[in-house]
Amino acid sequence: MPPEDAGKYLDPKELSKIARLEIRARLIVEGFISGMHRSPYHGASVEFAEHREYVPGDDIRHIDWKVYGRSDRYYIKQYEEETNLRTQILLDASESMSFGSHAMTKLDYARTLAAALAFLILKQQDAVGALVFDKDVRHAVPTSSNPSHLRNLVGVLAAEPGAEATDFGAVMGGIAERVRRKSLLILLSDLFDDAERIAFGLRRLRHDGHEIMLFHIMDPEELRFPFQRMTLFEGLEEYPELLVNPNSLREAYLNEVETFMTRIRKDCRNSLIDYVLVDTSQRFDSVLTQFLGKRAGTRR
Amino acid sequence: MPEFINPSMLGFLALGSIPIIIYLINRQHYRRVQWAAMEFLLRAMKKNRRRLRLESLLLLLIRTCVILLFVFGMARPIFDDGVLPVLGSTSRTEAFVIDRSYSMALHEGTHTVLADAVRLAKQRMKGMSRVDRVGVFLAGGFPEALFSEPQAMTDEIHGRIIEQLESVPIAYERCDVATTLQFVAQWIEGAKDVPACLVHFYTDLQQADWLTGEGGVNGAIQEALRRLEEMKVRVKVHDLGPPRSRNATVVSLVSKDPVLCIDLPTSFQVRVENHGRDLLAGLELEFWINDVLQGARSLSIDAMGSHVISFPHVFRETGLARVSAVLKTDDLVEDNVAFGVFPVRDGIDVLVVDGGREGGEASEETAWLVVAIGPEIAGDSVSGRLTPYRTHTIAPDRINAMKLERYGVVVLVDVPAFSPQECELIEEYLRAGGGALAFLGERVSPASYAANAYRGGEGWFPYAPGTAVTDPRQEILFALNVTAKEHPAVSYLASTPEAGLSLVRLHGYVSVASQVPASAVLMRLNDFQETPALVERSFGKGSLLVLNTGADRSWSNFAVSPAFLCFLHEALPYLAVRSDVIRNLAINEPFPRVIPSAEYSQRVYLFVPDGDSRPLALRARDDGATFDLEVPGQRQPGIYEIRYGMEAGTAAARQEWFAVNADPKEGNLTRADVAALSEAYPGPVLGFEEVSKRAEDGAAAAGDRGEIWRTLFWAVLALLVVESVLARWFGAPREKKR
């Protein structure tokens with residue numbers, strides 16, 4: 001592919017013309033991350049790099065007791081990660097994710113993004129798995145670093161969406177049961193659930209030692225509510241219909257969205273969760289940039 | 001409850017449902033969207049349901065109100081101060097003058113100008129509040145006031161005014177503007193506590209009513225306006241006049257001959273005038289006598305021109321002839337007809353007292369006079385009549401034996417003297433309405449005339465004759481000059497040079513020793529003293545003409561000049577008919593009759609032209625021999641009939657007629673120029689307002705007070721602004737940092 005065409009497929013509108021998820025992922029990653037050689041991730045299975053003096057808060061498991069024996073001072077061993085980062089991609093495939101006013105539905109966008117991330121991680125020779133959930137975990141693929149694993153991942157990510165509403169409290173519990181080892185959990189969801197339950201579920205995962213990166217997938221219409229004429233809103237996930245004059249309700253709606261997102265952001269901040277708001281009209285490279293930026297920040 | 005100037009607009013109040021219908025239609029025509037973020041939407045809805053409903057209802061209410069108020073405003077509601085005190089104002093006095101002269105009956109389309117005036121006045125009255133005071137006047141002839149003093153505009157008074165205005169009768173007289181304004185001024189002056197008054201004058205603004213015949217300032221109007229100005233009264237003239245005057249008027253109907261007699265051809269002359277600036281073509285004029293159509297003529301009259309049409313006729317029966325001329329096809333019918341009642345006689349008996357009669361032979365002078373008065377054509381007693389006169393000649397000593405009242409005219413030809421008894425007879429004859437013509441000649445005895453006929457001014461003769469002035473050599477000749485050129489006895493001589501009065505020369509006459517002040521000099525000699533030559537003395541109901549020269553050739557050539565014939569045939573009818581009952585009257589002119597006891601009737605009825613009748617009463621006079629019959633002035637033109645001795649179901653024993661005619665000058669619709677009027681009557685009192693006939697909705701004429709349409713339209717405007725702001729405020733996303 002010529003370099004000038006590489007970036008073209010970072011636009012959801014262009015990318016939506018390509019049906020196969022695997023190809024989408026490759027196009028995104030090749031268009032954006034080609035040339036990256038050094039993994040930005042570090043995990044438990046590592047190659048020693050250097051020592052640094054212990055400071056309160058450091059994991060005491062990393063104290064080099066041999067050095068302590070020699071110098072009577074605490075030093076922490078630092079490692080250069082190689083291939084053993086474990087990443088689980090958690091994709092919300094509830095009915096609300098099937099909404100989309102742009103080129104892609106939220107689910108379409110999320111699964112494309114997930115596939116691209118998975119491809120990116122596999123390309124870095126890290127292990128990645130996937131869980132697709134709505135009210136419960138519907139599909140799961142165990143983690144693997146085998147490049148051929150991408151096909152399995154894509155197969156699961158492309159599965160049909162469920163018709164159930166999300167129940168974050170319950171589903172996060174289920175995920176915690178399945179993901180025993182500490183992992184980087186990349187959660188892609190519109191978070192249409194009770195904010196309290198979402199916070200509870202996320203805290204539960206954090207409590208288990210997982211790092212979490214939350215991609216909050218929102219459609220531009222959901223963010224802006226641009227309707228003018230009298231509109232009958234047909235609720236997904238068993239919500240009732242509502243006939244309103246959007247002009248008169250716009251402000252109130254946007255307030256509600258703002259309040260919700262503020263609450264989620266706050267909870268994420270408190271739980272040290274990386275929060276990225278994703279507008280489905282956004283180019284994928286900007287999302288990936290944010291992703292890499294967040295990860296780099298975390299490593300430092 | 002408010003009243004409405006345009007109540008028909010209220011039907012459009014149904015338009016107030018448009019916003020509701022649009023709202024409901026919008027609710028049916030919506031976009032359908034599948035929506036994921038329903039939680040937020042429902043939560044927003046739950047929190048804002050009441051606000052949204054209120055906003056929606058508020059906007060709906062405002063939009064509905066905008067339409068309702070607009071329609072309400074268009075209907076021009078009128079509230080009085082009691083209902084809407086905020087919109088009310090202080091009490092005012094307004095006077096409404098409606099010109100009801102018959103020119104206002106001009107048809108413009110389906111309605112008359114008067115109807116327009118009444119409608120506009122009523123509309124303005126609707127704008128008055130209960131605390132306002134009102135006066136209503138009807139102009140046309142002598143003005144009338146509906147109320148003797150200003151009345152508070154209560155519902156009752158308003159109702160009474162409306163009722164009166166609904167049936168304002170046409171006045172067949174001119175609108176006397178000066179008298180009307182003086183009348184209004186007097187009314188205001190007589191009222192208490194009228195600090196300022198506005199007078200609305202609804203009129204067709206006829207030039208003849210406002211300016212003099214030459215288009216000058218009418219001093220009487222000027223004076224009335226000055227008086228009103230002192231009283232701080234403003235007069236607003238609502239000009240309802242037609243833009244172009246187009247009307248023909250039957251101005252007069254007269255008989256050519258002053259005396260109508262059977263078997264004598266006569267003619268009636270009808271004068272029709274066109275006061276407009278357009279040619280009037282194809283007018284049809286009908287001529288009726290005693291309800292029988294005698295003929296019709298088609299005529300065209302040039303702009304500002306007139307036409308006189310003659311209708312010849314020969315009467316075969318005596319009595320009162322009821323004549324009318326009717327013009328067809330005209331927009332103003334009130335001036336299209338003229339009526340007349342003319343007495344038709346079998347002849348006029350003339351008694352000639354021949355002062356020179358000797359031994360049964362008439363003098364040459366008298367014989368000449370008799371021929372001049374009534375020449376007879378032998379052989380045909382009917383068609384051969386040339387004049388209505390039948391002469392009977394007597395010697396002076398027979399006067400006492402004659403019943404003078406049988407004669408229409410008594411001609412005294414150079415009678416030398418009168419005895420007291422003769423004078424008494426003549427005085428009685430004249431007092432009863434007789435006419436006499438006296439020629440003075442050389443036989444006249446001045447002493448006898450002064451003693452018995454003149455009697456120092458108490459007698460029937462106009463002056464004491466002096467000595468006879470003669471010039472036998474006929475070297476000094478005098479001419480006759482007419483001094484009373486309008487007098488019917490000499491007007492023809494004065495106006496017609498062909499009559500030859502200028503050729504008449506006198507060399508002998510009887511001088512005038514003294515003259516009573518009541519007498520009138522119709523002709524004078526051209527001597528230094530300008531000696532009275534023809535003198536008229538009214539005596540009782542009768543009249544006497546005295547010419548101070550003879551009726552033969554001894555003192556002048558008058559008798560052999562054409563002027564003599566002309567003089568006789570003007571003076572004799574004048575004397576014969578001047579005591580006739582005047583039967584052709586103007587509007588509001590009474591018809592007084594003296595009924596001799598021999599003709600007394602217990603029942604007397606007046607039949608008006610529309611067929612209605614009303615009883616009349618005879619009142620005994622002081623003389624015990626006659627009765628007064630007072631027939632008041634009539635307001636409607638036409639021929640009126642008086643029936644005497646009429647019992648129920650029986651024919652009248654006797655009947656007579658009189659005619660009443662409208663003032664033809666009112667038919668001149670020429671409208672006064674407002675600019676000229678403003679110039680003629682400057683000052684703050686008089687203001688003019690041209691009323692648009694197209695303003696059928698009454699908008700132009702409605703009063704301001706009590707009306708709230710302006711307030712309503714401002715409210716509509718304000719509501720539109722509020723609606724726009726609120727709709728934007730409610731609907732648009734508010735600028736807020738998120």
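What you see below is based on every heavy atom in this structure, not just the backbone, and it leaves out hydrogens, waters and symmetry mates. Proteins get letters first, then strands, A, B, ... in listed order; numbering begins at 1 in each.
In this structure, Phe233(A) and Phe225(A) have parallel ring planes: the angle between them is below the 30° cut-off, well short of the 60° mark. Between His216(A) and Phe260(A), the ring-plane angle classifies as perpendicular under the 30° and 60° cut-offs. Under the 30°/60° scheme for interplanar angles, the aromatic rings of Tyr109(A) and Phe284(A) are found to lie parallel.
The candidate with the highest count of non-hydrogen atom pairs below 4.5 Å against chain B, out of Glu221(A), Lys106(A), Met218(A), Gln228(A), is Glu221(A). Annotation: maximal heavy-atom pairing with chain B below 4.5 Å, among Glu222(A), Met97(A), Glu256(A), occurs at Glu256(A). Your options are Ala37(B), Ala36(B), Ala44(B), Ser56(B), and the one with the most heavy-atom pairs under 4.5 Å with chain A is Ala36(B).
For Leu41(B), the parts sitting under 4.5 Å from any heavy atom of chain A are the backbone and the side chain alike. The part of Phe192(A) that comes within reach of chain B is its side chain, from C-beta onward, which places non-hydrogen atoms under 4.5 angstrom from that chain.
Residues passing the salt bridge (charged side-chain N to carboxylate O under 4.0 Å, His left out) test with Arg32(B), sequence neighbours excluded: Glu234(A), Glu241(A).
Atom CZ of Arg111(A) sits about 4.0 Å away from atom CG of Leu107(A), to the nearest 0.5 Å.
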